[in-house]
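Here is the structure we will look at, set down as structure tokens.
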Amino acid sequence: MSIAANLNAIKSKLPAAVELIAVSKTKPNNLIEEAYAAGQRHFGENKIQEMTTKWEALPKDIEWHMIGHVQTNKVKYMAPFVSLIHGVDREKLLLEINKQGQKHNRVIKCLLQVYIADETTKFGLLPEEVLPLLEKSLALKNIRVVGLMGMASFTDNEEQITAEFKILKELFHSAKAQFDQIKILSMGMSNDYELALAQESNMIRVGSKIFGSRN
Ligand SMILES: *Cc1c(COP(=O)(O)O)cnc(C)c1O
């Protein structure tokens with residue numbers, strides 16, 4: 001199947017309010033251009049250097065999503081152009097994004113990443129840390145926390161995945177009830193986005209189902 005056909009197959013299953021992020025990490029520019037030609041504008045990368053190189057080479061109306069773990073000292077490279085940083089998981093990083101946003105006269109949008117998986121390899125805040133950090137972020141004028149992001153465990157146990165997504169959904173509801181700016185719930189990847197949609201995800205991050213498997 002072509003990239004355009006893959007995109008259409010996924011989009012045909014999405015409610016209108018759900019944003020599809022095409023995760024293009026490790027994939028060359030010509031494949032991103034193919035998706036772009038099919039109308040895709042939101043792309044996700046997990047390495048700042050790779051995202052910056054692609055941003056420089058590709059059309060400027062692409063919205064770049066940083067979906068990986070972010071090192072504080074690398075924020076400056078993406079601050080001029082990044083659309084949404086999904087993986088904010090500590091106050092120090094919030095402060096640095098705010099500082100870089102100020103330098104570039106931008107309000108940089110972010111999501112707080114929440115640890116929901118039953119694995120030690122995934123980053124994120126504990127659920128109880130989310131609302132206090134959100135509260136703190138309100139004082140920072142060049143960053144805006146607009147939602148939550150999480151990754152379920154890498155398992156084919158659908159009940160477990162659903163239970164993990166439910167934790168995030170409930171936290172999303174609490175955050176939304178207290179903070180008007182909370183709009184985005186980023187959860188779901190190639191193998192679990194349908195389960196995520198059932199738990200009210202409104203932003204899915206899909207790579208291999210669009211571009212093919214990565215090495
Ligand atoms: C790689 C990645 C994805 C996409 O993974 P696929 O299984 O290829 O869809 C989504 N989210 C994050 C955070 C990733 O690192």
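As the structure is a prediction and not an experimental result, all values here were calculated from the model. Indexing begins at 1, ligand by ligand and atom by atom, following the structure's order. We use all heavy atoms of the structure for the numbers below, so side chains are in, but hydrogens, waters and symmetry mates are not.
Taking atom 11 (N) of ligand 1 as the reference point, the nearest protein heavy-atom neighbour is Arg205 NE, 2.9 Å. The nearest heavy-atom contact from the protein to atom 5 (O) of ligand 1 is Met189 CE, 3.5 Å. Scanning the protein for heavy atoms near atom 13 (C) of ligand 1, the closest one is Ile67 O, 3.5 Å. Among protein heavy atoms, atom 6 (P) of ligand 1 sits closest to Ser190 OG, 3.4 Å.
Between His42 and His65, the ring-plane angle classifies as tilted under the 30° and 60° cut-offs.
Listed by number with element, the atoms of ligand 1 under 4.0 Å from a non-hydrogen atom of Met151 are 13 (C). Interface atoms of ligand 1 facing Val206, defined by a heavy-atom separation under 4.0 Å, are 9 (O). Residue Gly207 has at least one heavy-atom neighbour below 4.0 Å for each of these atoms of ligand 1: 4 (C), 6 (P), 8 (O), 9 (O).
Within the 4.0 Å heavy-atom cutoff, Met149 counts among the residues contacting ligand 1. At least one heavy atom of Lys25 sits closer than 4.0 Å to an atom of ligand 1. Not a single heavy atom of Asn46 sits less than 4.0 Å from an atom of ligand 1.
Inspection of the Gln49 and Thr53 side chains reveals an N or O donor paired with an N or O acceptor under 3.5 Å. If you check the side chains of His69 and Gln113, you find no donor sitting under 3.5 Å from an acceptor.
Cluster membership for Ile210 and Ile32, using ILVMFWY side-chain heavy atoms within less than 4.5 angstrom, is shared. Under the 4.5 Å side-chain heavy-atom criterion for ILVMFWY residues, no single connected hydrophobic cluster contains both Met66 and Leu84.
Looking at ligand 1, you won't find any N or O of Asn191 less than 3.5 Å from one of its N or O atoms.
Considering only heavy atoms from C-beta on, Phe179 comes within 4.5 Å of Leu138 through its side chain.
Only the side chain of Arg214 comes within 4.0 Å of ligand 1, judged by heavy-atom distances.
Of the options Leu20, Val18, Val206, a side-chain contact (heavy atoms from CB on, under 4.5 Å) to Tyr193 is made by Val206 and by none of the others.
A salt bridge is absent between Glu50 and Lys25; no separation between the charged side-chain nitrogens and carboxylate oxygens falls under 4.0 Å.
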